[in-house]
Amino acid sequence: MAGIDKLRAPKGTRDILAPDSARQRHLVDRFAAIVESAGYGQVISPMFEDVAVFSRVGESTDIVTKEMFAFTDRDDPPQHLALRPELTASIARAFVQHRPTAPWAVWYEGPQFRYERPQAGRYRQFMQVGVEVLGSADPLADVDTIVLAQEFFDDIGLTDTSLMVNSMGDEQCRPAYLDAVRGHFTEHAAALSEQSRETLAKNPLRVFDSKRPPDQPIIDTAPSLVDHLCADCLAHFDDVRSALDRLEVDYVLSPRLVRGLDYYRRTTFEFIAPGLDTAQNAIGGGGRYDGLVEQFGGPPTPGVGFALGVDRILLACDAADVFAAPDDSADVFIVDVVGGVEASVLSQQLRRAGLVVTRGFDQRSMKAQMKLADRSGARVAIIIGEQELSDGAVTVRHLRADSDQHAVPYPDIVSHLQELFR
RNA sequence: GUGGUCGUAGCUCAGUUGGUUAGAGCGCCGGGUUGUGGUCCCGGAGGUCGGGGGUUCGAAUCCCCUCGGUCACCCCA
C-alpha cells in the first residue's frame, strides 16, 4: 500500500483545478442569476446535520440506509451527525426552525456527500444547485421551478436535454396503485431478475428503475401511474402539463419515472442529457413533496423543488462542446531583471487599475521570464531592465499578433495599458 | 456491497519468447557568446516499473495477495 508520500484525494473526491474551477463557479453564478431573477433567495445551510434530518426523508431509501457519511462528535452525550446527502431535508428543517412566511422560495448550491462506489458521473462529494418552494400547492409553482431549470440549461447552451415528467399520486390514490403494481410484478416474479425480486419486496415502485434486460417487458406492461390518479392529482397534473404546453416547454410523459426518495407526491420530473453516454445521464431531478415539512414537526406545508448535478451538467457540456472553461490568460506579464521590486510596484498599480497582471519570481533570467510571459497567455510583456530604469520608462512588448515593442514613460504606463485593454 | 478492466518518469505511453546501467514524445530546467518569448538545435534533472510475498541463476515481464484508478450493477445528481 502507498505510504504517506502517496497521499491523494479520498476515493470519490477530486481536486478541481483552474480553469475548470472557474468554469464550475461560473456555472453556479449563471444559475444564481436566473433563480434570483425569479425572486428565489439563497440559503446557506450546514454541510452536516443531525442524522435525524436525513433519516426523515425515507427510511427505505439507499441514501439513508447505506450511503450516508455518518459520525458522532465528542459532545457528552455525543451528537449523531452526517454529511448532507441531499439538501431538500435541510431546507425543510430550516423552514421549520425559522418559520419564514410562505411561500418561501429558496435556492442553494454546494457539495453533497454520499458513500457510494464512484463511477463516471458519480462522486462521493458532488456539487448540486437547486431550488425549493415551500408553502404553495399551486401546480404553477411546480411549473415555475421546471421553467427555471429549463432556462438555466438554455442559458449555458446545453440545449440537448430531455425533460421527463410524471405524477406519483398522493396518499389518496397511491396505495391502490401500489397494490396494482405489486400485483403485476408478483404475478410475473418468476421472469424478473433476482435483484428486482428483492426490490419488489422492499419498494415495488423502485423496480421501474431496473436496467436489466429481462425486466424490461414486465416493466413495460405494468400498470401506469397516470391511469390510477385520483381526481385531485389528475387535475393537478393536467394543470402542470397544460402550463408547460403554454410555455412551450417540451417534455416527455414518463409513467415509469419513479424517483429514489420516498417523500415525493404528485409531480416528479427529471432532466436527462442524452448526449452523455455514461450510465448516469440524469443531470437533475425533482418534484413535489407535500407532507415533508410535517415530518419535521412543522405545520402542513406543501413543497416542490429540484436539484441539478453540477458535475454531470459539466460532463454533458463537454460532450456537447458548450460552456467552455473561461480563458484564464493574464493581460500583462511583468519581466523584471533588476531585482523584482519594480515588478511588485508596477503590478500593484496595474492590478488596482483592473488589469490581470502576473510576474516572475526568483530573479530568473530574462529568457526564462519571457518564456513565463508567453505561457501566461498575456497579450503584452512589460520589460524592466537597467536601460529602462535609467530612462525612466518601461518597454512594452506585444506577444500575440505582432511582436512590436516600444518604450513607454513610467508615468504613462497605467493609462497606456488601460487604453490598450479597454 | 458485487463484477469487469487497468496500474512503467509531472502527463500520454513503448518495453519483443523473463536476460546486463528501464525508454520515447510532451512538459520542466539550463544553454545556443554577454537584455527578449512563441519555431529550431544541444544538454540536463526526474522512475523503489502501485505495494508485499513467491517462482527463477535472473522478474516491469510469470504466480498469489493487497492497495489504488476506471467502468458497470445497485442506486442516484
Side-chain angles (χ1 to χ4, degrees), chain A residues 1-3 5-14 58 60-67 85-88 109-130 149 193-196 198-199 202-203 206-213 215 258-261 270-273 276-286 306-316 333 335-338 360 362 364-389 395-405:
Chain A
M1 181 175 164
D5 55 326
K6 292 275 192 170
L7 283 176
R8 44 180 302 130
K11 186 197 297 280
T13 71
R14 66 223 168 103
S60 76
T61 63
D62 283 6
I63 287 178
V64 171
T65 55
K66 62 183 191 188
E67 294 176 2
E86 61 125 20
L87 261 162
T88 302
E109 57 93 5
Q112 329 285 322
F113 307 86
R114 292 180 196 170
Y115 187 77
E116 299 184 278
R117 287 279 285 268
Q119 68 186 75
R122 171 188 293 164
Y123 309 96
R124 288 187 168 184
Q125 176 177 332
F126 59 101
M127 185 73 95
Q128 284 187 337
V129 295
S193 66
E194 187 183 331
Q195 285 149 310
S196 287
E198 289 175 20
T199 306
K202 288 182 292 189
N203 190 337
R206 210 60 56 65
V207 174
F208 285 126
D209 284 333
S210 167
K211 296 172 196 163
R212 291 171 292 275
D215 298 336
V258 294
R259 304 212 17 97
L261 296 159
E270 200 165 282
F271 288 93
I272 306 295
L276 268 184
D277 63 347
T278 59
Q280 274 67 41
N281 64 356
I283 55 175
F306 66 72
L308 310 180
V310 170
D311 310 271
R312 287 186 189 174
I313 290 170
L314 288 172
L315 286 175
F333 188 100
V335 173
D336 178 339
V337 290
V338 290
D362 303 307
R364 297 177 64 185
S365 70
M366 172 168 284
K367 183 189 178 91
Q369 290 189 55
M370 285 301 293
K371 270 177 174 280
L372 294 177
D374 187 56
R375 235 182 289 155
S376 75
R379 204 158 100 208
V380 301
I382 293 175
I383 298 169
I384 306 172
E386 295 295 347
Q387 188 67 52
E388 284 78 4
L389 271 191
T395 296
V396 174
R397 180 179 176 84
H398 290 240
L399 298 174
R400 298 304 149 204
D402 54 69
S403 56
D404 288 352
Q405 68 178 54

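Naming convention: chains lettered A, B, ... in sequence-line order (proteins, then strands); numbering from 1 in each chain.
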Nearest whole Å is fine: how far is [N] [atom2] from [X] [atom1]?
X        : N     : atom1 : atom2 : value
A/Tyr123 : B/C75 : OH    : C1'   : 17 Å
A/Asp277 : B/C71 : CG    : P     : 11 Å
A/Leu372 : B/G38 : CG    : C1'   : 13 Å
A/Met366 : B/U33 : CE    : C1'   : 17 Å
A/Glu67  : B/C73 : CD    : P     : 14 Å
A/Asp374 : B/C40 : CG    : P     : 13 Å
A/Arg379 : B/U36 : CZ    : C1'   : 19 Å
A/Arg206 : B/C74 : CZ    : C1'   : 11 Å

Pick base, sugar-phosphate or nothing for [X], based on heavy-atom distances below 4.0 Å to the nucleic acid.
X        : result
A/Arg212 : sugar-phosphate
A/Gln112 : nothing
A/Gly121 : base
A/Glu388 : base
A/Phe271 : nothing
A/Ala373 : nothing

Would you please confirm or rule out a distance under 4.0 Å between OP1 or OP2 of [N] and any side-chain N or O of [X]?
X        : N     : result
A/Arg364 : B/G30 : yes
A/Lys367 : B/G30 : no
A/Thr199 : B/C75 : yes
A/Arg375 : B/C29 : yes
A/Gln280 : B/A77 : no
A/Gln369 : B/G37 : no

For this session: Determine, for A/Phe126 and A/Arg114, whether the Lys NZ or Arg CZ falls below 6.0 Å from the six-membered ring centre while staying within 45 degrees of the axis.
Result: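 No; the conditions do not both hold, so A/Arg114 does not lie above the ring face of A/Phe126.
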If the [atom1] atom of [N] is compared with that of [M], how far apart are they to the nearest Å?
N     : M     : atom1 : result
B/A60 : B/G50 : C1'   : 12 Å
B/G4  : B/G46 : C1'   : 35 Å
B/U61 : B/U16 : P     : 11 Å
B/A9  : B/G1  : P     : 29 Å
B/U70 : B/G53 : C1'   : 26 Å
B/U12 : B/U21 : C1'   : 26 Å
B/G51 : B/C11 : P     : 15 Å
B/U20 : B/C63 : C1'   : 25 Å

Looking at the side chain of [X], which of [options] is the nearest nucleotide?
X        : options             : value
A/Gln119 : B/C71, B/C75, B/G37 : B/C71
A/Lys11  : B/G68, B/G31, B/C74 : B/G68
A/Asp209 : B/A72, B/C75, B/G69 : B/C75
A/Leu399 : B/A77, B/G37, B/G68 : B/G37

Closest heavy-atom contact between [X] and [Y]?
X        : Y        : answer
A/Gly12  : A/Tyr123 : O-CB, 3.3 Å
A/Asp215 : A/Ser196 : OD2-OG, 2.6 Å
A/Glu109 : A/Met127 : OE1-SD, 4.2 Å
A/Arg364 : A/Val337 : O-CG1, 4.4 Å

For this session: Keeping the roles fixed (side chain from A/Gln280, backbone from A/Thr278), state whether a donor-acceptor pair exists under 3.5 Å.
Result: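 No, because the side chain of A/Gln280 does not come within donor-acceptor range (under 3.5 Å) of the backbone of A/Thr278.
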For this session: Just do the side-chain contact (heavy atoms from CB on, under 4.5 Å) check on A/Met370 and A/Leu399 with the steps written out, would you?
Result: CA-CA 10 Å; A/Met370 285 301 293; A/Leu399 298 174; 4.0 Å; yes
Exercise. Which residue lies toward the 5' end of RNA chain B, A/Pro118 or A/Asp311, if each is placed at its nearest nucleotide?
Worked result: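 Result of the comparison: A/Pro118.
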For this session: Using heavy atoms to find the nearest nucleotide of RNA chain B for A/Arg312 and A/Ala120 separately, return the residue whose nucleotide is more 5′.
Result: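 Whichever sits nearer the 5' end wins; that is A/Ala120.
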Once you apply the 3.5 Å cut-off to both distances, tell me the Watson-Crick or G-U wobble partner of [N], or none.
N     : answer
B/U2  : B/A72
B/G43 : B/C29
B/U61 : none
B/G37 : none
B/U21 : none

For this session: Establish, from distance only, whether the side-chain atoms of A/Thr395 and A/Glu388 form a donor-acceptor pair under 3.5 Å.
Result: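 Yes, A/Glu388 and A/Thr395 have a side-chain donor paired with an acceptor closer than 3.5 Å.
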Exercise. For A/Gln125, what residues pass the side-chain contact (heavy atoms from CB on, under 4.5 Å) criterion, not counting sequence neighbours?
Worked result: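 Here the qualifying residues are A/Thr13, A/Pro111, A/Phe113.
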Exercise. Is there a donor and acceptor pair closer than 3.5 Å between the side chain of A/Arg397 and the base of B/G37?
Worked result: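 Flag set: donor-acceptor pair detected.
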Exercise. Under a 4.5 Å cut-off applied to non-hydrogen side-chain atoms, are A/Arg312 and A/Arg122 in contact?
Worked result: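 Heavy-atom side-chain distance check passes, below 4.5 Å.
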Exercise. With the sugar-phosphate defined as primed atoms, P, OP1 and OP2, and the base as all remaining atoms, what B/S/- string results for nucleotides 3-11 of chain B, 5' to 3', for protein heavy atoms under 4.0 Å?
Worked result: B--------
For this session: Go through the steps to decide whether A/Leu308 and A/Ile313 satisfy the test side-chain contact (heavy atoms from CB on, under 4.5 Å), and finish with yes or no.
Result: CA-CA 8 Å; A/Leu308 310 180; A/Ile313 290 170; 3.8 Å; yes
